[in-house]
Amino acid sequence: MADADRERWDSRHSVAGVGTPAPPDALRGRESLLPAGGRALDVACGRGSVAVWLALRGFVVDAVDVSPVALASGAALAAANGAAVSWRAGDLDSGLPPGCTGPYDVVVCQRFRDPRLHPVFARVLAPGGLLVLTVLSAVDDEPGPFRAGPGELAAAFDGLTTVVHEEGNGEATLIAIRRRWGVAPGSPPARPAPW
Ligand SMILES: C[S@@+](CC[C@H](N)C(=O)[O-])C[C@H]1O[C@@H](n2cnc3c(N)ncnc32)[C@H](O)[C@@H]1O
């Protein structure tokens, strides 16, 4: 990412100040889908509302963003709530930072889209893990470089089991699970994921 772009994010985050803990939008009313605990990754975490919410639910959380201002805001939010999060500065144009290798029981990426990361998300997701994505979409809106095309998320994660796939009004959501190998007693053996 160019310095000018990072500075633009820094100034947006500094105007917004410290946020509040909040579930990912896609999980509102669906919190029961969350695994009982484990490791979580919040990609492009912004000011850390989701990361801190996950930490308060007992997850060990890594949260990545390119903006030091966003991460400082997240750290302030965590401190105010007695939560611990590993804040990791990194430019996702180069992939996940070293150390974010998973396996993660929850991977969240909300309002940030980079299709180059899709195979990475699948790779770091633990068996039984939950993927929660919300991106801008071209469905019911103008196409553009930051918007997913119709069906993009479902196609990208067709090796996972889709729980929710919604598109419309310029937004797309995918909630998917990486099935455990042979988890369901009596069911036919699952095929291993291709990654
Ligand atoms: C629209 S905000 C979403 C923040 C948060 N996920 C949320 O839902 O509130 C997009 C975030 O992506 C971060 N970002 C943009 N490009 C990035 C990059 N190349 N690497 C890492 N973070 C990036 C920005 O700093 C910003 O915090």
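Each ligand, and each atom within it, is numbered from 1 in the order the structure gives.
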Point to revise | Non-hydrogen atoms of Arg147 and Ser137 that approach each other most closely | key: NH1-O, 3.1 Å
**Study point:** All side-chain hydrogen bond (donor to acceptor under 3.5 Å, both in side chains) counterparts of Asp5, not counting sequence neighbours
**Key:** Arg8
Review point. Where the side chain of Asp42 meets the backbone of Ala63, is there a donor-acceptor pair that is under 3.5 Å apart?
Key: no
Review point. For ligand 1, what are the residues with a heavy-atom contact below 4.0 Å?
Key: Met1, Trp9, His13, Ala44, Cys45, Gly46, Asp65, Val66, Ser67, Gly90, Asp91, Leu92, Asp93, Gln110, Arg111, Phe112
Point to revise | Pair listing, ring pair (Phe, Tyr, Trp, His ring centres under 6.0 Å) test, anchored in residues 102-129, at least two apart | key: His118-Phe157
Point to revise | ILVMFWY clustering at 4.5 Å (side-chain atoms), partners of Leu56 | key: Val18, Leu27, Leu33, Leu34, Val50, Val52, Trp53, Leu54, Phe59, Val61, Leu71, Leu77, Val85, Trp87, Val106, Val108, Leu130, Val132, Val163, Val164, Ile175, Ile177
Check your understanding: Is a side-chain donor or acceptor of Ser11 paired with a backbone partner of Glu7 at a separation under 3.5 angstrom?
Key -> yes
